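First the structure, in the form of structure tokens, and then the observations on it.
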Amino acid sequence: MTTGSEIRVSFPRLRARLDALAEIGALDGGGCARLACSDADRVGRDLVVTWMRDLGTRVEIDVIGNVIATWPPDHFDPPVMMGSHIDTVATGGIYDGCLGVLAGIEVLETVIANGIETQHPIAVAFFTDEEGSRFHPDMLGSLVYAGGLAVEEALATVGVDGAVLGEELQRIGYAGSAPCPGRPPHAYVELHIEQGPVLEASGATIGAVTGVQGISWIEVTVTGQSNHAGTTPMTMRHDAAYVAASIAVFVRKLTEEMGAPLVGTVGRVALHPNLVNVVAARATFTIDLRHTDDTLLSEAEERVRSHCDTIAAAEGVDVSIRSLARFEPVAFANDIVDLVEEIARGSDGVVMRLPSGAGHDAQMLARVCPAGMVFVPSVRGISHNPAEHTDDVDLARGADVFFALVLRLAGAT
Ligand code: HGY
Ligand code: MN
Ligand code: MN
């Protein structure tokens, strides 16, 4: 029987799995498109589940399509759970989420191949619809797993394309039977690319993630009056596109006034009838606001709503607002953050503490168990973009740190 100290994960095996998964939903020129519960997501899920089953793990699929592989297969105590997601945005990279799931599989394979015994079982999960691009909110599967959203409500979610989540899970064969909320793990840890510029700018190569900032997604619908672009005097217009643009500019100005870490994004916009010579009758668009401080995030939300009311009155249009997601900032378990930092200091890396700008499944699991994350740098801070990249040396170091973290949390003997 061997312990974990002299054993290391196999980066070539991890690299090969990253590349194999990247071929599913591959975009011309690089990157991936595997929107939640799409056909490409199904093929990606099938591949990862095959890897999980080939290891001899116990594979369970729950009612919202989350998939959890546990080792040893006949142990039912709360596991140290690794995880993330394998769904992507429509113009995604190949590392966001996939690194965490495939590094988890690599950890399991290394544990099993070397007969490493642990006090707690070890599991790796991928959660449904982490991106939230097709079905809002983001981190939907892990939110249901953690008891933050009722299963029935989640399954009834209608996507931006009109599809119903529960029907899509049935269609792709991942409407499982394991109940949600799931049993709280002993601990939850996630290896993830930073998706931002902080590590690279600081010269750090490992992030000991302290928590995740708060997230507010709203959908704004402006209802004005379509009219002739040539004959309608400016004083007689009720132009939905103009109001949408005014609100988008306000969001940018607000982030400049309130300052970092507040960020604001108008990511999705639809005009109706969306024609060159017709004043827009309707504009539907989203606003993504994030901040590490929940009070300031609420202030930003309030100021956006107030501007909507002001500009709507001035232009004589109606504005309705629907919340798509609202998650408070989360702090990770101090002892896990400390442990990440301690292990990283023993590596050849440079470690720094930082909060996560992106949302993660760990943000949801932190509601039910001690959680933490390990970051590796993103080249030029780019993500949610086919150009997303992390150098192999950084991926390999992150996987080594992650492996040591899991063995410590699982009580390798
Ligand atoms: O929106 C996010 O931060 C994550 O990528 N779902
Ligand atoms: Mn992610
Ligand atoms: Mn993402």
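Order of listing sets the numbers, starting from 1, for every ligand and every atom in it. Fair warning: this is a prediction, and the values are worked out from it, not measured in the lab. The first residue of the sequence shown is numbered 1, and numbering continues consecutively from there. Just so you know, these numbers use all the heavy atoms, side chains as well, and skip hydrogens, waters and symmetry mates.
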**Report entry** Contact (N/O only, under 3.5 Å) between G357 and ligand 1
**Finding:** no
Query raised in the report: Looking only at N/O atoms, are Q195 and ligand 1 under 3.5 Å apart anywhere?
Result: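 Min N/O separation from ligand 1 is not below 3.5 Å for Q195.
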Report task. Return yes when H384 approaches ligand 1 closer than 4.0 angstrom through a heavy atom, no otherwise. Result ->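 It does; at least one heavy atom falls under 4.0 Å.
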Report task. Name the orientation class of the two ring planes belonging to H136 and W217 (parallel below 30°, tilted from 30 to 60°, perpendicular beyond 60°). Result -> perpendicular
Query raised in the report: Does a side-chain heavy-atom distance below 4.5 Å link P121 with V80?
Result: no
Report summary line: Value for CD1 (I343) from CG (L405), rounded to nearest 0.5 Å, stands at 5.0 Å
Query raised in the report: CD1/I122 to CH2/W71 distance, rounded to the nearest 0.5 angstrom?
Result: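 Going from CD1 on I122 over to CH2 on W71, the span is 10.5 Å.
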Query - Close-contact set for ligand 1 against E131 heavy atoms, below 4.0 Å - result: 4 (C), 5 (O), 6 (N)
Requested in this report: May I ask you to list the atoms of ligand 1 that are less than 4.0 angstrom from any heavy atom of A358?
Outcome: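 Atoms satisfying the 4.0 Å criterion: 3 (O).
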**Report entry** is_close_aromatic(H192, F402), centroid dist under 6.0 Å
**Finding:** no
**Report entry** Heteroatoms of the protein, restricted to N/O/S, which lie under 2.8 Å from the Mn ion (ligand 2)
**Finding:** H85 NE2, D96 OD1, H192 NE2
Query raised in the report: Is there any salt bridge (charged side-chain N to carboxylate O under 4.0 Å, His left out) pair reaching into residues 23-34, and which pairs are they, with sequence neighbours excluded?
Result: none
Query raised in the report: Between S216 and L297, is a side-chain contact (heavy atoms from CB on, under 4.5 Å) present by the stated rule, with each step listed?
Result: CA-CA 8 Å; S216 167; L297 180 56; 4.3 Å; yes
